[in-house]
*Asks:* 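First the structure, which I've put down as structure tokens, then a few questions once you've had a look.
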Amino acid sequence: VQQARKEAGLHVSDRIRLRLPLEGEWREAVEAFEDYVREQTLADELMLGNSDHAGGFEYPTKLGGREVRVGVERSGK
């Protein structure tokens, strides 16, 4: 997430909307620690699973051998 933030040109202190297209065990893990993930990434919004949300920056990375596209954008809050 922090690399996606950097690549998107966001400042380390910017509040963000975070999209993580995760399923299965990965999704369950983030759901279990959602407050911690939001706190550590300064995410005002955390969207899990595939989203039709347009806009923002998508950073391709690998997680558990699968490619995922981490989405970040500056929050309007």
*Asks:* Does one hydrophobic cluster hold both L42 and V70, with members joined at side-chain heavy-atom distances below 4.5 Å?
*Replies:* no

*Asks:* Evaluate V68 against L20 for side-chain contact (heavy atoms from CB on, under 4.5 Å), listing each step before the verdict.
*Replies:* CA-CA 8 Å; V68 295; L20 298 173; over 6 Å; no

*Asks:* To the nearest 0.5 Å, what is the distance between CZ on R74 and CG on L10?
*Replies:* 5.0 Å

*Asks:* Would you call R69 and Y59 a side-chain contact if the rule is heavy atoms closer than 4.5 Å?
*Replies:* no

*Asks:* Taking all heavy atoms of R38 and all of E45, pick out the closest pair and write down the distance.
*Replies:*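 Between these two residues, the closest heavy atoms are NH1-CA, 4.1 Å.
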
*Asks:* Only pairs at least two apart or in different chains count here, so list each salt bridge (Lys or Arg N to Asp or Glu O under 4.0 Å) that has a residue in residues 3-13.
*Replies:* none

*Asks:* Let's go through E73 and F57 carefully: what are the C-alpha distance in whole Å and the side-chain angles of both, what is the deciding distance for side-chain contact (heavy atoms from CB on, under 4.5 Å) to 0.1 Å, and is it a yes or a no?
*Replies:* CA-CA 6 Å; E73 63 185 301; F57 178 83; over 6 Å; no

*Asks:* Would you please test K62 and E67 for salt bridge (charged side-chain N to carboxylate O under 4.0 Å, His left out) and show each step?
*Replies:* CA-CA 4 Å; K62 292 212 180 233; E67 183 170 308; 5.3 Å; no

*Asks:* Show me the donor-acceptor pairs, under 3.5 Å and distance only, between side chains in residues 27-35 and residues at least two apart or in other chains.
*Replies:*
unit_1: R27; atom_1: NE; unit_2: E31; atom_2: OE2; d: 3.1

*Asks:* Return the minimal non-hydrogen interatomic distance between S75 and D44, and the atom names on each side.
*Replies:*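 That closest heavy-atom pairing would be OG-OD2, 2.8 Å.
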
*Asks:* Check side-chain contact (heavy atoms from CB on, under 4.5 Å) between Q40 and all other residues, then give those that pass, not counting sequence neighbours.
*Replies:*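 Result, side-chain contact (heavy atoms from CB on, under 4.5 Å) vs Q40: Y36.
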
*Asks:* Answer whether the closest heavy-atom distance between the side chains of W26 and L63 falls below 4.5 Å.
*Replies:* yes

*Asks:* On a heavy-atom basis, which atom in V72 and which in A4 lie closest, and how many Å separate them?
*Replies:*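 What the structure gives for the nearest pair is CG2-O, 3.8 Å.
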
